[in-house]
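A quick write-up on the structure given underneath.
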Protein chains: 2
Amino acid sequence: MCDMDTKNARVSGDTPDTYDPDAFPHPSVTVDVVAFTSLEDRLCVLLVERGIWPFEGMWALPGGFVRMDEELEAAAHRELTEETGIAEAHYLEQLFTFGAIGRDPRTRVISVAYFALMPGPASECRPLPGTDAVAARWWPLDELPPLAFDHQEIIDTALARLRAKLGYTSVAYALLPEEFTLTELQTVYEVILGRTLDKRNFRKKMLSMGILDATPRQKRAGAHRPAQLYRFTRREPVFLD
Amino acid sequence: MCDMDTKNARVSGDTPDTYDPDAFPHPSVTVDVVAFTSLEDRLCVLLVERGIWPFEGMWALPGGFVRMDEELEAAAHRELTEETGIAEAHYLEQLFTFGAIGRDPRTRVISVAYFALMPGPASECRPLPGTDAVAARWWPLDELPPLAFDHQEIIDTALARLRAKLGYTSVAYALLPEEFTLTELQTVYEVILGRTLDKRNFRKKMLSMGILDATPRQKRAGAHRPAQLYRFTRREPVFLD
DNA sequence: GTACTATGTGTGATATGGACACGAAGAACG
DNA sequence: CGTTCTTCGTGTCCATATCACACATAGTAC
């Protein structure tokens, strides 16, 4: 069976015989968004400071209620925009659903977590505090403040997923501006994986995958030898190999 | 912020200023379970036949309401047992959350899908119809009936995940009895991947991973040359490489 | 023109993955 | 007891991918 009971409840115990969405208590559904970007060669997460109970004064992921008439992904986009003023998430993917019983002190809340990626310099730390968020900013991943709810666990899960996807997809495009140098691309990989990579091997591998196009121009200034600019052939995730 | 609004709703529009879980309509939350097993060298899914509207008479995944005081995973286990009489899911993992607006004709339903694995011969097709399911049985994956709701999509997603995980984890243990031959193990892989594998390469690779232990005994009867029995060193998923 | 710094390039050693064929062990049968 | 049948169990070679590793080049700054 599925989804909901109607005439005959087969879910034992506390469910009714007739379907009536308000006849018994429901868990509530929210979305939370883990937005990553790379700023100054550090992987950063977007957090908002809570202005209200519970966890008032603590930092948390942007997120909130899913409306009755709204797709999950649309809710994630909306909360991101409303709470942080950030419009363009270049990549958004469902991460995991967190529903542990005690995770919210108010009531049973089941949260569908998403993770988002955006280009570093482009999506500068320019948060617009929302109605119940007193602040919003990007935090380097290695110096996060204590977080509300189970949001540290959600971020850990998101980071693991990002690291994994970096290996078998081209999601890195979403963390870079349209044109970039191979060194910049490599830095994104190093920042996310947390280790250095060999330049020659990295370039060889990237170029052999055939997902990058060289642009005619060269890199602007730099005070040193100019670098070739590249762009991703497709600005959407591609599975590699 | 996160999860729910309290004093000051920052979710615009249709949400209230004060937190009251029943003051406005909620999406409902269910779990659906995609249970796989291997029967007679075919990959099978456990389905139940619906006895009630909507989709009366159609087959669907086992599933139902998440209770207020119940963990998501517990709900998945419970629905599986209640609707199909199957007690032992050797492996259960969250798959994805399906929440498209029109997926359930009754109301907005957000379903957290799980996928489960169990050993073939052990978990024989022995369903116990539940209260609103008129039947339950294992269906070979390549001859599924038309399915209720978006359950075909859920099964497709589950199959993709299973195929992927077979490649980088040891989940196959959950589809086999405690002791098995390498040929049986290979057959599980072939059935799931939908293609044949080379015997020598398969054995070489499996044995080199160090996750299998040979048992002292040999295979029972068989009317041919007896095969060595193996067991997984750990009956839990292990990441390979 | 000299110093500085980031760019850009190739080879060899090693590990991995895939193709491929045949002798051995036991049961069934005459 | 020997012949037949069927499944078990094994090793080599080749192609490809991975990793470690060093130096000349093109600009800017002074």
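These values consider heavy atoms only, across backbone and side chains, with no hydrogens, waters or symmetry-generated copies. All figures in this text were calculated on a predicted structure; none of them were measured in a lab. Here is the naming used below: chain letters follow the sequence lines, and residue numbers restart at 1 for every chain.
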Presence of Arg200(B) side-chain N/O under 4.0 Å of dC20(C) phosphate oxygens OP1/OP2: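 Result: no.
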Verify the contact: side-chain N or O of Arg203(B) to OP1 or OP2 of dG9(D), cut-off strictly under 4.0 Å; return yes or no.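 True: Arg203(B) side-chain N/O within range (under 4.0 Å) of dG9(D) OP1/OP2.
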To the nearest Å, give me how far apart [atom1] ([X]) and [atom2] ([N]) are.
X	N	atom1	atom2	result
Lys199(A)	dG10(C)	NZ	C1'	14 Å
Leu229(A)	dG8(C)	CG	C1'	14 Å
Leu197(B)	dC20(C)	CG	P	15 Å
Leu240(B)	dT16(C)	CG	P	13 Å
Gln186(A)	dT9(C)	CD	P	14 Å
Asp241(B)	dA17(D)	CG	P	17 Å
Gln228(B)	dA24(C)	CD	C1'	15 Å
Phe180(B)	dC8(D)	CZ	P	14 Å

Starting the side chain at C-beta, find the nucleotide from dG18(C), dG8(C), dC20(C) nearest to Ala227(A). dG8(C)
Closest to side chain of Asp198(A), choosing from dG27(D), dG9(D), dC21(D): dC21(D)
With a 3.5 Å cut-off and just heavy-atom distances, do the side chain of [X] and the base of [N] make a donor-acceptor pair?
X	N	value
Lys204(B)	dG17(C)	no
His224(A)	dT5(C)	yes
Lys205(B)	dG17(C)	no
Arg225(A)	dT25(D)	yes

Can you tell me if Tyr230(A) and Gln228(A) form a side-chain donor-acceptor pair at under 3.5 Å? no
Is it true that Arg42(B) and Glu143(B) have a side-chain N and a carboxylate O under 4.0 angstrom from each other? yes
Should the pair Glu190(B)-Arg195(B) be classified as a salt bridge under the 4.0 Å nitrogen-to-oxygen rule? no
Side-chain donor/acceptor of Arg137(A) to backbone N/O of Val48(A), under 3.5 Å: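 No: the side chain of Arg137(A) does not pair with the backbone of Val48(A).
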So do Ile154(B) and Leu95(B) actually touch side chain to side chain, heavy atoms under 4.5 Å? yes
